[in-house]
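All chains are named by letter (A, B, ...) in the order of the sequence lines, taking the proteins before the strands, and each is independently numbered beginning at 1.
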2 protein chains.
Amino acid sequence: MDRKRCENCIVRQFNSLRAMSKEELKKVSDSKTMKTIKKGQPLFEEGEKLNGVYCVRDGVSKLSKLSANGKDQIVKLASKGEVMGQRSVIAEEHSNLSAVAVSDMEICFIPKETINTSLQKNPNFTLEVLRHMAHDLKEADDVIVNMSQKTVKQRIAEAFLYLKNNFGEDGEGFLALTLSREDIANVVGTATESAIRIISEFKKKGLIHTSGKRVGIKDERKLRDLAEGF
Amino acid sequence: MDRKRCENCIVRQFNSLRAMSKEELKKVSDSKTMKTIKKGQPLFEEGEKLNGVYCVRDGVSKLSKLSANGKDQIVKLASKGEVMGQRSVIAEEHSNLSAVAVSDMEICFIPKETINTSLQKNPNFTLEVLRHMAHDLKEADDVIVNMSQKTVKQRIAEAFLYLKNNFGEDGEGFLALTLSREDIANVVGTATESAIRIISEFKKKGLIHTSGKRVGIKDERKLRDLAEGF
DNA sequence: GTAATACTATGATAATTATCAGCTTTTATG
DNA sequence: CATAAAAGCTGATAATTATCATAGTATTAC
């Protein structure tokens, strides 16, 4: 079995492509191109016109937006199974986000023509994409509330919990996805120094342990309480 | 011509309903119920299960979410032509937001069965809803960046510009939509006192003029520069 | 292996924002 | 129209966060 064919790809189970028919998947598979992206390399830039969507087979990408003050705000981390760029393709707009690999990645690029054909012909697929986007929108609402109502300390605690829940831990009890301090700061929307300071504080209080840039969660309960505001 | 029929409703031009066929619109019109909502009254609450969507014929509603610290965060202001609750209906989830009228409103309630039927049968409609949601998602991304990267002063300046652009001014040069100071604070995610203080400062600097709770923009250029960080 | 470079860390200080308290004005209600 | 209630305003102060400076530490490239 050719695992490089979309029909056989496990990753597909996690995204809207599962609503496609066998024939559609074959078309997708024939039109797609696979790429490997090294950590730190860009997939696409803010303002760029996307000619298709990117499906993540492996690795993680950060989706960020440059703010007026020159700082990047990371809006989302996309990992295995997630599709990037669909918003721009659907709305026929330039991308509002940049995508950069935060770990080595394997991705499939699917040209927009293939996607658009299915969007027009397969209502199930369209509905599935719509449901996904509805979910993303809800998550975005939650992020807005967190960003505007929680302190930096709470947001960092939450970020660590998020990383554990979504990417898990390695054999040594560290978070499987290691972000630079700067990236962590850009996720929670604060200055890098402030993030570092709070991470040091968490370490002193025994909430986390660190080794180099790696971070592990030590006291999940307390971290959660902190994130919730107790 | 019966203006209360969806087929003849002008408002429809602004939302996804324009992708519906004549027959579909008739069904919508037959199944819908019209309501008037007084300023301050709720349309629906966070956590409530929505049995349909709300189409705004007139007036404005705030969509907000209660944060852990007991403050409301206003995520969106919905006015003429906008549809509320579609996210919940599509994802078949309870609402993540509360809706409260900030001015007297006229709305139409469309039961979810009617919407779902069209979603399954009319790909054009589904695609149109999808495009709308893609747009909302982009706006949400922008809000996230603003919330996390801009100062309260910048966010308040931006809020006033937003209010002018989206709701216009009355005959006397005040913003047509008057929000309480508390609501303004909840839009930009700050303490009410902080919002009031900054509004006073804007007034002193000649950027705005006020009369009671009404606010008018005096120097749009400077306000814009401030919002952009100059 | 070592120099160059990027990342992490911490202190000192300034700026921003929240909180609490008290007061004034506006709005709603009988 | 009087009075209660709600909303708006301001000062003092505390807490949070950003900024600048500087030094240590890890990574990378030659």
Starting from [atom2] on [N], measure out to [atom1] on [X] and report it in whole angstrom.
X	N	atom1	atom2	result
B/I198	C/dT16	CD1	P	10 Å
B/E201	C/dA15	CD	P	14 Å
A/R214	C/dA9	CZ	C1'	19 Å
A/Q149	D/dT16	CD	C1'	15 Å
B/K153	D/dT17	NZ	P	18 Å

Next item on the list: Begin from the C-alpha positions of B/K62 and B/D72 and carry the test salt bridge (charged side-chain N to carboxylate O under 4.0 Å, His left out) through to its verdict.
Entry: CA-CA 10 Å; B/K62 60 179 173 184; B/D72 254 344; 5.5 Å; no

Nearest 0.5 Å please: distance from the [atom1] atom of [X] over to the [atom2] atom of [Y].
X	Y	atom1	atom2	value
B/L223	B/E158	CG	CD	10.0 Å
A/R57	A/I107	CZ	CD1	11.5 Å
A/S211	A/E172	OG	CD	7.5 Å

Check: Counting only non-hydrogen atoms, which of residues 184-191 of chain B are less than 4.0 Å from DNA chain C?
Finding: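 B/T190, B/A191, in order of number.
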
Margin query: Quick check against the 3.5 Å criterion: does A/K150 have a side-chain atom that pairs as donor or acceptor with the backbone of A/A227?
Written below: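 Yes: the side chain of A/K150 pairs with the backbone of A/A227.
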
Check: Counting only N and O atoms by type, is there a donor-acceptor contact under 3.5 Å from the side chain of A/S103 to the main-chain atoms of A/V60?
Finding: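 Pair found, side chain donor or acceptor close to backbone of A/V60.
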
For nucleotides 5-13 of chain D, list the nitrogen or oxygen atoms of the protein found under 3.5 Å from its nitrogen or oxygen atoms, one pair per line.
{"unit_1": "D/dG8", "atom_1": "OP1", "unit_2": "B/R181", "atom_2": "N", "d": "3.2"}
{"unit_1": "D/dG8", "atom_1": "OP2", "unit_2": "B/R181", "atom_2": "N", "d": "3.2"}
{"unit_1": "D/dC9", "atom_1": "OP2", "unit_2": "B/R181", "atom_2": "NE", "d": "2.7"}
{"unit_1": "D/dC9", "atom_1": "OP2", "unit_2": "B/R181", "atom_2": "NH2", "d": "3.3"}
{"unit_1": "D/dT10", "atom_1": "OP2", "unit_2": "B/S200", "atom_2": "OG", "d": "2.8"}
{"unit_1": "D/dG11", "atom_1": "N7", "unit_2": "B/R197", "atom_2": "NH1", "d": "3.0"}
{"unit_1": "D/dG11", "atom_1": "O6", "unit_2": "B/R197", "atom_2": "NH2", "d": "3.0"}
{"unit_1": "D/dA12", "atom_1": "N6", "unit_2": "B/R197", "atom_2": "NH2", "d": "3.3"}

Next item on the list: Only counting residues at least two apart or in another chain, list the ones meeting side chain to side chain donor-acceptor pair (under 3.5 Å) with B/Q86.
Entry: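 B/Q86: no side chain to side chain donor-acceptor pair (under 3.5 Å) contacts found.
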
Note to self: Can you give me the bend angle of the helix from C/dG1-D/dC30 to C/dG30-D/dC1? Use the axis through the first five pairs and the one through the last five, nearest 10 degrees.
What the structure shows: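 End axes: 50° apart.
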
Next item on the list: Return the set of residues passing side-chain contact (heavy atoms from CB on, under 4.5 Å) with B/K112 (not counting sequence neighbours), or none when no residue passes.
Entry: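 In terms of side-chain contact (heavy atoms from CB on, under 4.5 Å), with neighbours along the sequence ignored, B/K112 is linked to B/N51, B/V89, B/N116.
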
Notebook entry, point to check: Toward the 5' end of DNA chain C, which comes first, B/S194 or B/K39, by nearest nucleotide?
Noted result: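 Nearest nucleotide further toward 5': that of B/S194.
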
Margin query: Can you pull out every side-chain hydrogen bond (donor to acceptor under 3.5 Å, both in side chains) where at least one residue sits in residues 34-45 of chain B? Sequence neighbours excluded, please.
Written below: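 Residue pairs passing side-chain hydrogen bond (donor to acceptor under 3.5 Å, both in side chains), neighbours aside: none found.
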
Margin query: Categorize B/K150 for me: base, sugar-phosphate, or nothing, with a 4.0 angstrom heavy-atom threshold over every strand shown.
Written below: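 The answer is nothing, as B/K150 stays clear of every strand by at least 4.0 Å.
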
Checklist line | Charged N-O contact under 4.0 Å between B/R87 and B/D136 | finding: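 Salt bridge: no.
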
Next item on the list: Can you label the angle between the A/H209 ring and the A/F174 ring as parallel, tilted or perpendicular, going by 30° and 60°?
Entry: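 Tilted.
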
